[in-house]
Amino acid sequence: MSEATITDLYEVTMAMSYLREGMTGPATFSLFVRDLPPDRGFLVAAGLESGLDFLADYRVGPEDVADFAAVLHRPAEDLRPLLGLAFDGEVRAVPEGRVVHAGEPLLEVTAPLPVAQLVETYLLNRLSHQTAIASKAVRCVLAAAGHPVVDFSLRRTHGPEAGFHAARLGGVVGFAGTSNVAAARAEGLPAVGTMAHSFVEAFDSEEAAFRAFARAHPGPVTLLVDTYDTESGVRVAARVLRDLDGGARGPGSAVRLDSGDLALLAGRARDILDAAGLADVGIVVSGGLDEFAVDDLVRSGAPIDVYAVGTRVGVSADAPYLDSAYKMVAYAGRPVMKLSPAKVTAPGPKQVFRRAGRPDVIGVADEDPAPYGRPVLETVMRDGRRTGGRATLAECRQRLRADLADLPHPARRIRAPAAQRPLVSERLAALEEEVRGRIVRELDAVAAWAGPPGPATYPTTIR
């Protein structure tokens with residue numbers, strides 16, 4: 001079994017029908033998000049790199065054919081037309097780390113129709129999940145207003161792979177580190193962590209626990225101070241930290257607060273540390289934080305140095321999914337579109353044009369960008385092969401910083417952000433009207449052939 005079987009069954013049944021009918025011409029599918037979730041003024045494109053890895057290796061082998069046949073309860077011979085299908089098409093996409101808006105393609109695939117259909121489920125899964133997480137995580141960075149943010153999400157993400165993605169995407173949006181050892185090692189991220197309450201409970205006293213921890217690590221060290229009573233824990237930590245020599249203590253040593261009124265406790269902890277001559281010891285907070293909590297703490301003026309975010313960010317708790325779609329926009333040179341109520345799609349391959357200080361423009365892929373700005377989608381795969389190397393986290397961060405700098409302030413607000421809607425170019429609007437008119441005429445012809453019409457079941461007006 002390979003990743004080729006990570007697909008919905010109807011992708012297989014459609015591909016079989018296409019092959020039977022000889023429909024193997026080039027098809028273009030567009031992957032986009034229809035509408036942004038509440039409390040999102042923009043999205044951050046993510047998931048492309050793992051999607052391209054999948055496409056580069058995509059091939060339907062004998063075991064995959066056997067698996068498809070088994071779930072369909074058909075002889076393997078019936079599914080043999082799928083054998084050897086591989087992705088040899090083109091991908092145009094928004095590079096990871098770039099800001100995107102509702103309706104804008106994150107990715108467009110052009111490949112023989114059966115193959116372009118079979119890869120739909122995997123690509124939607126990868127890009128939808130990772131874009132949702134990246135879009136949540138970047139809001140934490142914005143809320144922290146320059147203070148470091150670190151990822152503590154692994155233990156409650158929806159599986160280890162999702163935890164790896166959350167850590168990597170934290171790196172994309174500018175997190176200062178992750179507790180995830182595997183992700184830190186694989187992606188070159190700083191590994192961060194302290195201790196659990198169980199460590200403190202295992203010793204006879206907090207002081208014994210803190211001193212044992214300090215003896216085991218050359219420093220700097222971060223001590224968890226809220227196992228019993230937070231203010232008492234800070235005083236004990238201050239006594240232990242003060243006894244360490246400068247190299248073991250820091251700079252970089254800290255106390256961590258994980259519960260209670262974090263703003264109030266951070267203020268009291270700061271007073272205790274400063275009175276002990278430990279002005280260089282920082283304060284880390286954790287415990288159910290997301291961008292809303294971080295924003296409140298920053299606005300309160302609490303003397304917090306580092307924000308550790310976990311579950312709510314790792315699963316994008318307030319917006320755990322995106323209204324994403326992967327829709328055919330052209331087949332064999334013919335632009336196509338849906339007219340379903342509330343799910344109308346624009347026809348033809350597209351491009352997004354961006355110019356600072358203006359709304360994005362969605363246009364036809366081959367139109368002149370001069371009137372609208374620079375193209376956002378890039379050709380990242382041709383003939384089934386990458387056109388360049390993998391994007392580094394530093395490159396992704398640089399793209400994001402540039403896009404955020406040009407994003408209107410209302411879109412970057414943590415609460416009640418105002419999303420910017422892209423415009424549509426004149427050529428795309430004309431193409432939509434042309435294709436819609438063609439479909440309506442075909443439907444009218446069918447209705448006339450069938451006899452007196454009943455209630456209208458399709459749109460008859462241009463949006």
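- No more than 12 heavy atoms of other residues, nucleotides or ligands lie within 6.0 Å of CZ in Arg155, so this atom counts as exposed by the packing criterion.
- Of the inter-residue distances, the one linking Arg312 atom CZ with Cys140 atom SG reads 11.5 Å to the nearest 0.5 angstrom.
- Counted by atom type alone, Gln117 and Glu120 present one or more donor-acceptor pairs between their side chains at under 3.5 Å.
- More than 12 heavy atoms of other shown residues, nucleotides or ligands fall within 6.0 angstrom of atom CZ in Arg415.
- A donor-acceptor contact under 3.5 angstrom links the side chains of Asp151 and Ser153, judged on distance only.
- Under the 3.5 Å distance criterion, with hydrogens and angles disregarded, a donor-acceptor pair is assigned to the side chains of Ser128 and Ser324.
- Screening Arg34, Lys350, Arg354 for a salt bridge (charged side-chain N to carboxylate O under 4.0 Å, His left out) involving Glu104 leaves a single residue, Arg354.
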Check against side chain to side chain contact (heavy atoms under 4.5 Å, CB included), Ile6 and Thr121: CA-CA 7 Å; Ile6 303 177; Thr121 301; 5.7 Å; no
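- Taking the ring centroids of Tyr58 and Phe87, they lie at or beyond the 6.0 Å cut-off.
- Of the inter-residue distances, the one linking Glu96 atom CD with Thr392 atom OG1 reads 10.5 Å to the nearest 0.5 angstrom.
- The pair Arg358-Asp406 does not count as a salt bridge, with every side-chain nitrogen at least 4.0 angstrom from each carboxylate oxygen.
- His165 contributes atom NE2, which lies 10.5 Å from atom CD1 of Ile133 (distance to the nearest 0.5 angstrom).
- Side-chain atoms of Arg126 and Gln130, non-hydrogen and from C-beta on, do get closer than 4.5 Å to each other.
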How far apart are the C-alpha atoms of Arg382 and Asp88, what are their side-chain angles, what is the distance that settles it, and do they pass the salt bridge (Lys or Arg N to Asp or Glu O under 4.0 Å) test? CA-CA 7 Å; Arg382 188 178 289 116; Asp88 58 359; over 6 Å; no
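- Salt-bridge check for Asp78 with Arg20: failed, with every basic side-chain N at 4.0 Å or more from each acidic carboxylate O.
- A donor-acceptor pair shorter than 3.5 Å can be found between the side chains of Arg256 and Ser286.
- Looking at Gln351 and Pro369, their side chains never come closer than 4.5 Å, going by heavy atoms from C-beta outward.
- In this structure, the side chain of Glu433 does not engage the main chain of Ala430 through any donor-acceptor pair within 3.5 Å.
- Residue Arg355 qualifies as enclosed at atom CZ: its count of foreign heavy atoms under 6.0 Å is above 12.
- In this structure a side-chain-to-backbone donor-acceptor pair under 3.5 Å is present from Asp305 to Ile283.
- Using cut-offs of 30° and 60° on the angle between ring planes, the pair Phe54 and Tyr122 is parallel.
- Ring geometry for Tyr326 versus Phe29: interplanar angle under 30°, hence parallel rather than tilted (30 to 60°).
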Are Asp258 and Val285 close enough, and set up right, to give a side chain to side chain contact (heavy atoms under 4.5 Å, CB included), and what steps lead you there? CA-CA 6 Å; Asp258 190 55; Val285 295; over 6 Å; no
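- Distance check, rounded to the nearest 0.5 Å: NZ of Lys136 to CG of Asp290 gives 4.0 Å.
- Considering only heavy atoms from C-beta on, Leu169 stays 4.5 Å or farther from Phe175 through its side chain.
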Assess whether salt bridge (Lys or Arg N to Asp or Glu O under 4.0 Å) is satisfied between Arg413 and Asp39, documenting all intermediate values. CA-CA 9 Å; Arg413 287 195 301 247; Asp39 288 318; over 6 Å; no
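- Heavy atoms of other residues, nucleotides or ligands lying less than 6.0 angstrom from CD of Glu201 number more than 12.
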Under the criterion side-chain hydrogen bond (donor to acceptor under 3.5 Å, both in side chains), I'd like the reasoning laid out for Ser30 against Glu108: C-alpha separation, chi angles, the key distance, then a yes or no. CA-CA 4 Å; Ser30 183; Glu108 288 199 335; 3.2 Å; yes
What do the steps show when you test Arg421 against Asp360 for salt bridge (Lys or Arg N to Asp or Glu O under 4.0 Å), and what is the final call? CA-CA 8 Å; Arg421 298 290 302 193; Asp360 287 356; over 6 Å; no
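- Judged by distance alone, the side chains of Thr110 and Glu90 never bring a donor and an acceptor atom under 3.5 Å apart.
- Judged purely by atom type and a 3.5 angstrom limit, Ser135 uses its side chain to pair as donor or acceptor with the backbone of Val44.
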Decide yes or no on side chain to side chain contact (heavy atoms under 4.5 Å, CB included) for Thr311 and Thr157, but give the supporting numbers first. CA-CA 7 Å; Thr311 304; Thr157 54; over 6 Å; no
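- At distances below 3.5 Å, not a single donor-acceptor pair connects side-chain atoms of Ser340 with backbone N or O atoms of Lys343.
- Counting non-hydrogen atoms of other residues, nucleotides and ligands closer than 6.0 Å to CZ of Arg299 gives a total of 12 or fewer.
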Any chance you could lay out the side chain to side chain contact (heavy atoms under 4.5 Å, CB included) test for Leu107 and Val94, step after step, and finish with the verdict? CA-CA 6 Å; Leu107 169 148; Val94 178; over 6 Å; no
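- Distance check, rounded to the nearest 0.5 Å: CG of Asp403 to CZ of Arg399 gives 9.5 Å.
- Ser2 and Glu63 share no donor-acceptor pair across their side chains, judged by distance under 3.5 Å alone.
- Side-chain contact between Asp226 and Leu224: present, with at least one pair of heavy atoms (C-beta onward) separated by less than 4.5 Å.
- Summarising the geometry, atom OG1 belonging to Thr345 is positioned 8.5 Å from atom CD belonging to Glu432; distances are rounded to the nearest 0.5 Å.
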